[in-house]
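Computed from heavy atoms alone, side chains included, the values below leave out hydrogens, waters and symmetry copies. A note on names: the letters A, B, ... follow the listed sequences, proteins ahead of strands, and every chain is numbered from 1.
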Number of protein chains: 2
Amino acid sequence: MGKNKQFVEKVTAMEDDFAQWYTDVVKQAELVDYGTVRGTMIIKPYGFAIWENIRDELDRKFKETGHSNVYFPLFIPESMLQKEKDHIEGFAPEVAWVTHGGEEELAERICVRPTSEVLFGDYYAKNIHSYRDLPMLYNQWSNVVRWEKTTRPFLRTSEFLWQEGHTCHATMEDAQEETARMLGIYTDVCENYLAIPVISGRKTEKEKFAGADYTLTIESLMHDGKALQSGTSHYLGTGFAEAFDIRYLDKEGKQQPVHQTSWGLSTRIMGALIMVHGDNRGLVIPPRIAPTQAMIVPIAQHKEGVLDKAYDLRDQLKNIARVAIDASDKTPGWKFNESEMKGIPVRIEMGPKDIEKDQVVLVRRDTGEKEFVALHEVESRLSVLLEEIQQGLYDKALAHRTEKTSVATNMEEFKQTLEQTPGFIKAMWCGDTACEEKIKEETTATSRCIPFEQETVADTCVCCGKEAKELVYWAKAY
Amino acid sequence: MGKNKQFVEKVTAMEDDFAQWYTDVVKQAELVDYGTVRGTMIIKPYGFAIWENIRDELDRKFKETGHSNVYFPLFIPESMLQKEKDHIEGFAPEVAWVTHGGEEELAERICVRPTSEVLFGDYYAKNIHSYRDLPMLYNQWSNVVRWEKTTRPFLRTSEFLWQEGHTCHATMEDAQEETARMLGIYTDVCENYLAIPVISGRKTEKEKFAGADYTLTIESLMHDGKALQSGTSHYLGTGFAEAFDIRYLDKEGKQQPVHQTSWGLSTRIMGALIMVHGDNRGLVIPPRIAPTQAMIVPIAQHKEGVLDKAYDLRDQLKNIARVAIDASDKTPGWKFNESEMKGIPVRIEMGPKDIEKDQVVLVRRDTGEKEFVALHEVESRLSVLLEEIQQGLYDKALAHRTEKTSVATNMEEFKQTLEQTPGFIKAMWCGDTACEEKIKEETTATSRCIPFEQETVADTCVCCGKEAKELVYWAKAY
């Protein structure tokens, strides 16, 4: 047996070293490899298949809500990037610059897109004329580059894949509705497909997107108690419209600036998937997003009839689930390990004794529970089991989040809680950026969002003790 | 009515100025817009929807033949690009160079990928160990950059979208089979989906891919008699394997270099689609690839019941074709023009008189033929009609190509024919690159391919008169 590929190395226990556990899982489950240029990654077949499923689900929902896919260039001239002041300030430090084309030095530096608001802005200015052209609802799937200092696969990479939506509307109300609608789609995909519960809310002024009026966000909580921003939707107001002169003639014949939104979800979400559901045996992929939902492992496959029956079973199941069969010459034990490392939701064992009894064994990846199922019932049972696993993963993640969500009413409590129960801290805030900065300085926790579901857990700001304005979720974050 | 959007400008007649006709159609049919950075393009919703259909069809076929999608980085370090000598020589002159990340100057220049052989090579060297790892069949959908001097939308752009397949095999035979298999998939998609007949064959040494042992190609013929290379599949031999040290342990325990292939099809094919089927009223899109296969245009839609019936018709047809309805307040004439400009295969007219008679009018985009069809027969008729159009477009393109394919046996004939009947010239060749270069110099025609289907149209080379080795297709080309 080729030892390099078939030996499933153990992953570091997450209790011992969470960061190393993450790196081990990412490698062992064959999700990514490191690229040669600093901070880039190679997304391998299994990682890409998961991303394709997420992408296809989002894409379907974008199209259902009237959005068209487009493709805008990778390159932005430096002068164009500078048109919106806040935007360039936010992005300039992490931009990759092209200075030469072939042998020739360029007259103007070109930036590799870190995001495409300015390109869309320039286009909209030329292509929007009247209220009849609105809304204009575009999305693109693309790669973007942000020159990051410290990088980790999926979580922070110099180049990543994402979708970026860019829309123009006649009124503030329409644009704000769109901003909320797209956050709703992200919430739906995270919760109902990735089985990741999220807190929805608004970013503070300090944490909002560079150039936005406000930013909506969904925040999820990892196993180690750190938060991960999982998708953002920005109401851009008329800032880019003013900078790029994007105007339309309204029904009364008056020139008006458009109201814009932009929203994005990236391969970062793969990091959440790993860190919300994974365990010390590897990945755990929710059934709705799993490239393979059930892996058939034949037992004693050299015995006559076993492989034939296993292939029959695959054919029997192929219309109700994404089923694969591992008929390689590895031992069943190896196959179990590999299937577990990759987080395949269900393992189906079938050996000579099972065939004799007209049954199979179903083993859940998430709980390890085994059950014997009669062959004629396996279709209906597998369908139900996959849904049970999907729900089970969500419930478990939610319970974990609930357990790791605490309330703090003063800074001492805040610090103590953060140390004892790392996770979300719900605390009241006066609305002053100074308090936000002080909390970050003293605890390294940042404001994750001002949740839509507000509660009053105290009357005064957790930091300054002055009158509280609103509840904020705080956490250390990726 | 907003005049900017709804006025369908006339396109230049292709007989008067083919290049201008092309540019007009590309703009008027809303396929692309020009990007700000030289030679880049913005692919608009309609253009992207067509590309998505081509992409999805190819992607399905790649997966059916066992290929996995992956994603490799955009960036290649200069030193890595230089590892394969022929390859770097071919691509260096047209590469965009990144020299700065944020404020910092990079220690080594980074190139924006013009193609990814070296990235895959580097990866394969690390990830292939034994014969059990082979074949390794990867594909990626990505953007690539080639710093071109003169550019035209789709045909030659600084950045374009494509797929690039990269595979490793244990033996030359396996790799060569793969090279042919992928050319077969390109041929299938071109002929059976895009309705574009192609000549399949091998490129000459001069025209092959930089770094390949040989290149297979499919070549199509445009309306103006110029050829367009529509997809290429390269047998790389062991050149990259030697340069990158990609070896595997064979069954006998011996180290062997892998045999590789790469193959690509790009947004260039959109140019072929336009120039093979388009006419002076705009695009003509083959039904199998058309985002909208039939456009319902209600006549006198303000009259009671007309719009309701039109929507009923759409619902009736939506399971058998991609049908849309134009219920805007433009006049039917405008709608006809727009639907024609976009090349929608069938227009369905329905007015009060038709409703009275329980009928609709079907109008073919390609021939302009009209037919009255009873409402209860429209489903079956539309299905058949779409297939007739698909076949009709292919037949027409094939007839055009046949008409524009000539034989030449000496240089005088060659030049005369090229002037009188611009198109493919079939002529014998001695196999000497000097003759190929002389033909290019004297006529601007290049060797398009050495067709798999060989004929003997003469005994001597069309250029030097020495003994002929094989038949070659020559043409001026995009």
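Proximity to chain B involves both the backbone and the side chain of A:P73, based on heavy atoms less than 4.5 angstrom apart. Of the two parts of B:W147, only the side chain, counted from C-beta on, holds a non-hydrogen atom closer than 4.5 Å to a non-hydrogen atom of chain A. When heavy atoms are compared at a cutoff of 4.5 Å, B:V112 approaches chain A solely by way of its side chain, counted from C-beta outward. With a 4.5 angstrom heavy-atom cutoff, A:V32 does not touch chain B via any of its atoms. At a 4.5 Å heavy-atom cutoff, the contact between B:N127 and chain A is made by side-chain atoms alone. With a 4.5 angstrom heavy-atom cutoff, A:I110 touches chain B only via side-chain atoms. The contact between B:D122 and chain A is made entirely by side chain atoms (from C-beta outward), counting heavy-atom distances below 4.5 Å. Only the side chain of B:L106 comes within contact range of chain A, judged by heavy atoms closer than 4.5 Å.
The main-chain N or O of B:K342 is found under 3.5 Å from a side-chain atom of B:Y46 such that the two form a donor-acceptor pair. Checking side-chain atoms of B:D133 against main-chain N and O of B:S130 turns up a donor-acceptor pair under 3.5 Å.
Among residue pairs with one or both ends in residues 49-63 of chain B, those qualifying as salt bridge (charged side-chain N to carboxylate O under 4.0 Å, His left out) are A:E52-B:K63, A:K63-B:E52, B:E52-B:R55, B:E57-B:R60, B:E57-B:K61, B:D59-B:K63, B:R60-B:E64, B:K61-B:D188; sequence neighbours excluded. Among pairs with a residue in residues 98-112 of chain B, those fulfilling side-chain hydrogen bond (donor to acceptor under 3.5 Å, both in side chains) read A:T99-B:T99, B:E78-B:R109, B:S79-B:E108, at least two apart in sequence or across chains.
By a heavy-atom distance cut of under 4.5 Å, A:E159, A:L161 are the residues of residues 152-166 of chain A near chain B, going up by number. When the heavy atoms of residues 37-45 of chain B are compared with those of chain A, the residues falling under 4.5 Å are B:V37, B:R38, B:T40, B:M41, B:I42, B:I43, B:K44, B:P45, listed by number.
Across A:P77, A:C111, A:A92, A:G47, the residue that shares the most heavy-atom pairs under 4.5 angstrom with chain B is A:P77. Looking only at heavy-atom pairs under 4.5 Å with chain A, the residue among B:F48, B:F91, B:F75 that has the most is B:F48.
Here the closest heavy-atom approach between residue B:F72 and residue B:R113 is recorded as O-NH1, 2.9 Å. Across B:L249 and B:G253, no two heavy atoms sit closer than the pair CD1-O, 3.6 Å. Of all heavy-atom pairs between A:A243 and A:E84, the closest is CB-CG, 4.2 Å. Considering all non-hydrogen atoms of both residues, B:I54 and B:M270 come closest at CD1-SD, 4.0 Å. Smallest separation of non-hydrogen atoms from B:S142 and B:Y71: CB-CE1, 4.2 Å.
Counting only N and O atoms by type, the side chains of B:Y138 and B:Y123 include a donor and acceptor under 3.5 Å apart.
Salt-bridge formation is detected for the pair A:E338/A:K330: a Lys NZ or Arg NE/NH1/NH2 atom is positioned less than 4.0 Å from an Asp or Glu carboxylate oxygen. Checked for salt-bridge contact, B:D33 and A:K126 miss the test: no charged N lies under 4.0 Å from a carboxylate O. A salt bridge links B:R132 to A:D329: one of the charged nitrogens lies within less than 4.0 Å of a carboxylate oxygen.
Atom CE of B:M136 is separated from atom CD1 of B:I128 by 4.5 Å, given to the nearest 0.5 angstrom.
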